[in-house]
**Student:** 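Sharing a structure, written as structure tokens. Questions coming.
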Amino acid sequence: MIDLKYIRTHPQEVRNAILNKNEKANLDAILALDENRRKLQYEYDQLRSKQHQVSQIIVLKKRNGEDVSELLSEMSEVAEQIRALNAQLTETNTQLENLLLTIPNIPHPDVPIGKDESANRVIKLWGEKPNFTFTPLDHLELAEKNRLLDLPRGAKISGSGFPVYTGIGAIWERALINFMLNFHIQKHNYTELAVPVLVTRKTMTGTGQLPKLEDDMYRIEADDLFLIPTAEVPVTNFFADEILPQDRLPIKFVSYTPCFRREAGSYGKETKGLQRLHQFNKVELVHFVEPSTSYQALEEIREDAEEILQALNLHYRVVELCTGDLSFASAKTYDIEVWAPGLGKYLEVSSISNFEDFQARRANIRYKDTQGKLGYLHTLNGSGVATPRLMIALWETYQTKEGTINAPEVLKEYNVPEITESSKRW
RNA sequence: GGAGAGGUGACCGAGCAGGUUUAAGGUGCACGCCUGCUAAGCGUGUGUGGGUCAAAAGCUCACCGUGGGUUCAAAUCCCACCCUCUCCGCCA
């Protein structure tokens, strides 16, 4: 959420942000409602103040046995006006709040302005595309050969986009999650959180998924709960409506959860194999920081996520998103894209964003600085990383001429078996 | 799901047969005084948000789980909901 006072004083800047992000929001309506609200508030305050004063007079007169019936009937009218004003005020505030929730975050000035991903900037390449002496298979072919996945049965159980990992495929999945969690906990000093995957509407609004993306969320209608699209939602809201002392910052959480996305409107786009799913697993990194340090923290999370790919020795690139490709709540985002040799393309495995105080305002997360002053802290997060596309890159990168798959060194510590002919155990 | 108890400021805790309580008192915290030092004691201050103001001060409004309602007036009365605890039932 953008500060209403800021909108009032910098309307053009907000207008540009909405435009550059390809969003729609009615700024004029907000400004008009704001003005009306302040007018109503003033009138309401005046009348309430009068009511308080007369109330004291009534008390005194009654005590002296004087007649107060005239005052009462006079005040009865004032009360009626107050009720009417209050109703208008409540209505105005509700409308204003609802509209405010539709204003996207303002991109950081450094972010390249652009309509879509064609304006994104590749800012880094790490490693090289592996060379094969044979034509590499894609992950689906490899999975079939080695019985690592069963997508048809997943579709039978739940519909398309709900994968079943089988045998060693499942073991690798579990090991990867464990590896990434331990890596961030031990090397990067994160605290692990195991959180609910069903959350309330308020929680979903706090991080900015609602109201905009309701159609993309799975919803449990009977209880008005939502399945989380990312651990960002429950983890960031962990401190909702709280005030943290500055000396506790930064706070860094890592959390593994399954993630659920309806992907409404994206059917047919890059859906082959594990590329786009309704349910997948992800390890997420979340930071709560003092505002002046948030861009430093953004780089830190990017490095933390990159190190996972480095440890697995996978080629990847880092992309800085342009304004048109930024998410609703983000001020600046990096995507990390890993190379998938079988598919012959880069796949997004991590998205790292600084939300500045946008989520903190929505979720009401503040901090108290050393002078005792209150302010909204900054929140950030990044995938560290999502497993399906990571798995694609792993299988496709570590495949052999025989169609088997070697295990990366770091996963061997997790007793991950090599994937060979004899791996087909069922 | 049923029955009961409860939800008040950083914390504890009074107020709850409506009106000088614009939330008592205590603890903690901050500053000051006193003291050889510490402790004790004394004094002062001590929330959040909105409005007004160039800004600060000041003034003012709102906030006693949340949302409605009754009333000239609500922490206090009424209704609905949420959360916590205890017991029962049901399920793991």
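Fair warning: this is a prediction, and the values are worked out from it, not measured in the lab. Order of the sequence lines fixes the chain letters, A, B, ..., with proteins taken first and strands second; residue numbering starts at 1 for each chain.
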**Student:** Using Watson-Crick or G-U wobble geometry with both distances under 3.5 Å, which nucleotide pairs with B:rC53?
**Tutor:** none
**Student:** Would you measure the distance from the C1' atom in B:rC11 across to the matching atom in B:rG50 and give it in whole Å?
**Tutor:**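 Result for the C1' pair: 27 Å, nearest Å.
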**Student:** Between B:rG6 and B:rA75, how far is it from one C1' atom to the other, in whole Å?
**Tutor:** 15 Å
**Student:** For B:rA57, does the glycosidic angle fall within 90° of 0 (syn) or outside that (anti)?
**Tutor:** anti
**Student:** Identify all pairs in which a protein N or O lies below 3.5 Å from an N or O of nucleotides 48-51 of chain B, and state each distance.
**Tutor:**
| residue | atom | partner | partner atom | Å |
| --- | --- | --- | --- | --- |
| B:rU48 | O3' | A:R366 | NH1 | 3.1 |
| B:rG49 | OP1 | A:R366 | NH1 | 3.4 |
| B:rG50 | O3' | A:R37 | NH2 | 2.8 |
| B:rG50 | O2' | A:R37 | NH2 | 3.4 |
| B:rG50 | N2 | A:D45 | OD2 | 2.4 |
| B:rG51 | OP1 | A:R8 | NH2 | 3.1 |
| B:rG51 | OP1 | A:R37 | NH2 | 3.4 |

**Student:** Here's a test of your reading of the structure: between A:L72 and A:L60, which maps to the more 5' nucleotide of RNA chain B?
**Tutor:** A:L60
**Student:** Report which part of the nucleic acid A:L71 touches: base, sugar-phosphate, or nothing (heavy-atom distance under 4.0 Å, all strands).
**Tutor:**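 No contact.
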**Student:** Both distances below 3.5 Å, Watson-Crick or wobble geometry, any strand: find the nucleotide opposite B:rG18.
**Tutor:**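 Across all strands, not a single nucleotide pairs with B:rG18.
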**Student:** Applying the Watson-Crick and G-U wobble criteria at under 3.5 Å, what pairs with B:rU46? Answer none if nothing qualifies.
**Tutor:**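 Checking every strand shown, B:rU46 finds its partner in B:rG28, with both distances under 3.5 Å.
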**Student:** When rounded to the nearest Å, what value does the distance between C1' atoms of B:rG25 and B:rU46 take?
**Tutor:** 16 Å
**Student:** How far does the P atom of B:rA30 sit from the matching atom of B:rU71, given to the nearest Å?
**Tutor:**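 Between the two P atoms, the distance is 49 Å.
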**Student:** Considering only the C1' atoms, how many Å lie between B:rU48 and B:rA23, rounded to the nearest integer?
**Tutor:** 15 Å
**Student:** Let me spell it out: for each of A:Q51 and A:T90, pick the nucleotide of RNA chain B with the closest heavy atom. Which residue's pick is nearer the 5' end?
**Tutor:** A:T90
**Student:** Given the P atoms of B:rG51 and B:rC33, what is the spacing between them in whole Å?
**Tutor:**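 Going atom to atom, P in each nucleotide, I get 39 Å.
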**Student:** Rounding to an integer number of Å, can you tell me how far A:L89 CG sits from B:rC63 P?
**Tutor:**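 Taking atom P of B:rC63 as the reference, CG of A:L89 is at 12 Å.
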**Student:** Distance between the P atoms of B:rC77 and B:rG15, in whole angstroms?
**Tutor:** 13 Å
**Student:** Should B:rU76 form a Watson-Crick or G-U wobble pair with both distances under 3.5 Å, which nucleotide is its partner?
**Tutor:** none
**Student:** Does B:rU84 have a Watson-Crick or wobble partner in any strand here, with both distances under 3.5 angstrom, and which is it?
**Tutor:** B:rA5
**Student:** Taking OP1 and OP2 of B:rA62, is either one under 4.0 Å from a side-chain nitrogen or oxygen of A:H52?
**Tutor:** yes
**Student:** What class does the angle between the rings of A:H188 and A:Y190 fall in, given that below 30° is parallel, 30 to 60° is tilted and above 60° is perpendicular?
**Tutor:**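 The arrangement is perpendicular - the two ring planes meet at more than 60°.
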**Student:** If B:rG36 has a Watson-Crick or G-U wobble mate with both distances under 3.5 Å, name it; if not, just say none.
**Tutor:** none
**Student:** Between B:rC83 and B:rC78, how many Å separate the two P atoms, rounded to a whole number?
**Tutor:** 22 Å
**Student:** Please determine, for B:rC91, whether a Watson-Crick or G-U wobble partner exists with both distances under 3.5 Å, and give it or none.
**Tutor:** none
**Student:** How long is the line joining CD of A:Q56 and P of B:rU20, in whole Å?
**Tutor:** 7 Å
